[in-house]
Amino acid sequence: MKQLYLHIKLAALSMLLFSACTQDEIMNQANVEKPITDGLLSIGSVKVDDFTENTESRVINDSKTVTFEAGIDINDANGDELGVLLIDESGETYANVAFKYVNENGENKWLNKTNEYYSSKIKKAIAYFPYTEIAKNLPSSIEELKQIFLSKDVSFEEKDLLVSETTEFHAASMDINFTHAFSMLTFSAEATTTTSKGNKITYSLQLSDVAFSIGDNLYTPELVNGKYVCLIDNETLAKDEFRYFYTANNTPYVKTVSNETPLILEANKSYSFPCPINTGEGTAMAAGDFYCVSSDDVLVLPGNAAGIPEGWTCKGIVFYTMDQATFEFYASTNSLTANDYPGYNNNHGLIISLKDGGSLGSASSFENFLLRSIEGWNSRESLNGYKITQAMQEAVKGGTIASFTALNDHEEPASSATTSWFAPSFKELSILIRGGDGATATGEGRAYINQQLQEIGGTTLGEGNIPSITFDSQESPTQQNIVWFVTGKDGTEFSYPFTNTTPGELFRPICAF
């Protein structure tokens with residue numbers, strides 16, 4: 001029996017050895033690489049070098065600070081992806097591996113989407129961001145990869161290729177040190193203004209028709225973070241061969257480089273070109289200016305600014321301005337103390353919020369006796385939205401009105417130098433929508449204010465009906481409350497009666513300073 005058992009063990013061992021040899025032969029014949037570890041190809045760390053300024057040894061972020069957005073899982077469309085090109089010993093790329101940035105259990109990590117194993121077949125890898133699908137002819141060098149990105153008709157951010165080449169791996173893990181594959185040209189004009197506390201602030205100015213030429217090739221930069229930027233590859237800027245163009249305040253300008261020695265552009269470097277202008281415009285505050293705050297200061301940034309300076313937050317857009325005498329009358333109309341509001345450099349005005357408020361609220365208790373008790377409650381020529389709004393809020397506190405929701409999400413004032421947010425009166429709303437003094441139904445005010453709102457990511461005023469806080473009443477056939485509207489499309493005015501229902505359109509809160 002022992003002898004028979006020994007024969008069985010030897011036979012089994014022979015079968016195992018034969019099976020292993022056969023498997024190796026099959027894998028070799030099929031040109032299939034065995035993983036040298038049982039781990040997936042992974043990413044240990046990712047670092048990004050920012051563009052460096054050509055003329056100084058400093059790092060700049062004229063384009064953007066590269067930060068990666070993590071998705072909730074590997075299939076989340078919102079998470080960022082980077083790619084890794086795997087190159088074999090012959091120099092051919094055989095895989096374009098996608099890695100997804102995912103937050104797992106509170107930790108951000110890059111996950112291998114295609115389950116690619118770390119193999120001895122990998123002799124070099126090129127990591128790049130953002131990931132792009134490549135149907136055929138996978139690039140085997142950074143130069144080939146750059147040509148793919150240069151051919152894309154996409155925004156600056158999507159074309160800003162980051163690359164990292166490595167031949168070193170720690171087990172199945174690779175560390176990625178990204179640099180920008182292209183050089184960057186930036187064009188900007190700057191001006192200075194003064195805050196409410198007398199501090200000087202430098203900001204970028206809006207330009208138009210910005211372009212530059214290198215030889216016979218014309219390029220159009222993109223506005224990013226207040227500067228006009230463009231990615232360039234393997235170019236030389238020579239005198240009389242490189243020119244740039246821009247328009248400011250309806251005046252066109254043409255500039256060229258003055259240095260005799262040609263400037264050879266390098267990857268991951270930024271080259272800045274100033275756009276001086278003749279500042280003939282006035283400095284007075286105007287509709288379209290940006291009302292900004294810092295921790296303890298106020299800045300009304302001119303409407304031709306190309307962006308909000310670092311450290312400042314825009315709270316709204318100025319749409320009406322007042323001198324001191326006009327503001328004192330305004331304050332008296334709204335039972336305000338004028339001396340409590342210093343204004344901005346001896347100017348005052350009204351500001352529109354960057355976002356909508358809510359609808360009016362419960363209609364069942366908007367009684368005529370309440371409205372009639374407020375002086376000017378039915379005036380279509382009074383800037384008294386603050387006063388009526390205050391009366392509404394007091395009525396809610398006293399239980400006369402069930403609810404007043406026009407100021408939803410507007411609990412905090414724009415700054416300590418402004419009133420609280422309030423619903424606009426008909427006159428204030430007509431100025432906002434129509435522009436000027438609000439007398440003509442042109443809708444021009446809305447168009448410009450919307451342009452400014454878009455500049456800073458605010459919610460634009462739609463073409464629908466926009467309600468005011470100005471009420472009226474009709475005696476026939478039965479007494480009814482009505483609220484006055486202005487349409488966003490063309491500034492047309494009309495009234496909407498209500499008895500047991502309230503207009504559902506959203507108010508746009510404003511405030512005064």
Side-chain angles (χ1 to χ4, degrees), residues 50-56 60-64 66 128-130 132 134 139 141-163 179-191 203-280 304-307 451 454-455:
D50 289 314
F51 284 104
T52 57
E53 176 65 48
N54 175 58
T55 56
E56 300 177 25
I60 62 171
N61 291 310
D62 286 343
S63 54
K64 59 185 175 62
V66 178
Y128 69 96
F129 176 86
T132 188
I134 305 172
S141 68
I142 290 176
E143 285 301 318
E144 292 177 4
L145 182 62
K146 286 160 66 174
Q147 296 309 309
I148 293 175
F149 274 75
L150 284 172
S151 66
K152 289 185 176 184
D153 184 18
V154 292
S155 66
F156 178 91
E157 184 173 346
E158 295 173 281
K159 189 173 283 189
D160 185 16
L161 174 63
L162 305 178
V163 291
T179 59
H180 296 268
F182 303 114
S183 50
M184 179 173 67
L185 272 59
T186 71
F187 305 86
S188 62
E190 294 183 337
Y203 63 95
S204 298
L205 289 168
Q206 281 187 358
L207 302 172
S208 61
D209 304 322
V210 182
F212 65 94
S213 63
I214 302 176
D216 295 330
N217 297 321
L218 184 67
Y219 302 84
T220 303
E222 179 181 345
L223 179 61
V224 180
N225 295 339
K227 296 190 176 184
Y228 297 83
V229 298
C230 189
L231 297 170
I232 295 294
D233 183 42
N234 296 329
E235 291 286 0
T236 299
L237 307 185
K239 186 177 180 181
D240 300 327
E241 288 291 320
F242 168 67
R243 296 187 301 165
Y244 58 102
F245 322 87
Y246 56 95
T247 298
N249 303 322
N250 297 317
T251 301
Y253 297 85
V254 180
K255 301 293 179 183
T256 186
V257 292
S258 58
N259 49 302
E260 296 291 339
T261 304
L263 180 61
I264 301 175
L265 303 184
E266 300 178 36
N268 208 61
K269 281 194 175 182
S270 172
Y271 301 82
S272 300
F273 298 93
C275 299
I277 64 174
N278 300 321
T279 55
N304 63 348
Q451 173 186 312
Q454 288 176 325
E455 289 287 339

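- Taking all atoms of both residues into account, the shortest heavy-atom contact from I214 to L237 is CD1-CD2, 3.5 Å.
- Counting non-hydrogen atoms of other residues, nucleotides and ligands closer than 6.0 Å to CG of L150 gives a total above 12.
- Here the SG-OH distance, from C230 to Y271, works out to 14.0 Å after rounding to the nearest 0.5 Å.
- Side chain of S183 to backbone of K269: no donor-acceptor contact under 3.5 angstrom is found.
- Taking both residues in full, the closest heavy atoms of C275 and A189 are given as O-CB, 3.1 Å, listed atom of the first, atom of the second, then distance.
- Applying the ring-ring contact (aromatic ring centres under 6.0 Å, His included) test to residues at least two apart or on different chains, the pairs with a partner in residues 214-240 are F212-Y219.
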(request) Show the numbers, then the answer: is there a side-chain contact (heavy atoms from CB on, under 4.5 Å) between L162 and H180? (result) CA-CA 5 Å; L162 305 178; H180 296 268; 3.4 Å; yes
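- Looking only at side-chain heavy atoms (C-beta outward), P221 and F156 stay at 4.5 Å or farther from each other.
- Note that CD of E455 and CG of N304 are 10.5 Å apart. Values are rounded to the nearest 0.5 Å.
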(request) Would you sort out whether L263 and V257 count as a side-chain contact (heavy atoms from CB on, under 4.5 Å), showing the intermediate values? (result) CA-CA 10 Å; L263 180 61; V257 292; over 6 Å; no
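- The ring pair (Phe, Tyr, Trp, His ring centres under 6.0 Å) test applied to F273 returns F187, F242, Y244, not counting sequence neighbours.
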(request) Check the pair S155 / E222 against side-chain hydrogen bond (donor to acceptor under 3.5 Å, both in side chains), numbers first and verdict last. (result) CA-CA 8 Å; S155 66; E222 179 181 345; 4.8 Å; no
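- K159 places a side-chain N or O within 3.5 Å of a backbone atom of K152 that can act as its donor or acceptor partner.
- The distance from the OG atom of S270 to the CG atom of L185 is 7.5 Å, given to the nearest 0.5 Å.
- Residues passing the salt bridge (charged side-chain N to carboxylate O under 4.0 Å, His left out) test with E143, sequence neighbours excluded: K146.
- Going from atom CG of L231 over to atom CZ of F51 covers 5.5 Å, rounded to the nearest 0.5 Å.
- Residues Y246 and P276 are in side-chain contact: their nearest non-hydrogen atoms beyond the backbone lie under 4.5 Å apart.
- Here the side chains of E235 and F182 are not in contact, with every heavy-atom distance at 4.5 Å or above.
- Looking only at side-chain heavy atoms (C-beta outward), L207 and T247 stay at 4.5 Å or farther from each other.
- To the nearest 0.5 Å, the span separating CE on M184 from OG1 on T52 amounts to 9.5 Å.
- In this structure, L161 CG and L145 CG are separated by 5.0 Å, a value rounded to the nearest 0.5 Å.
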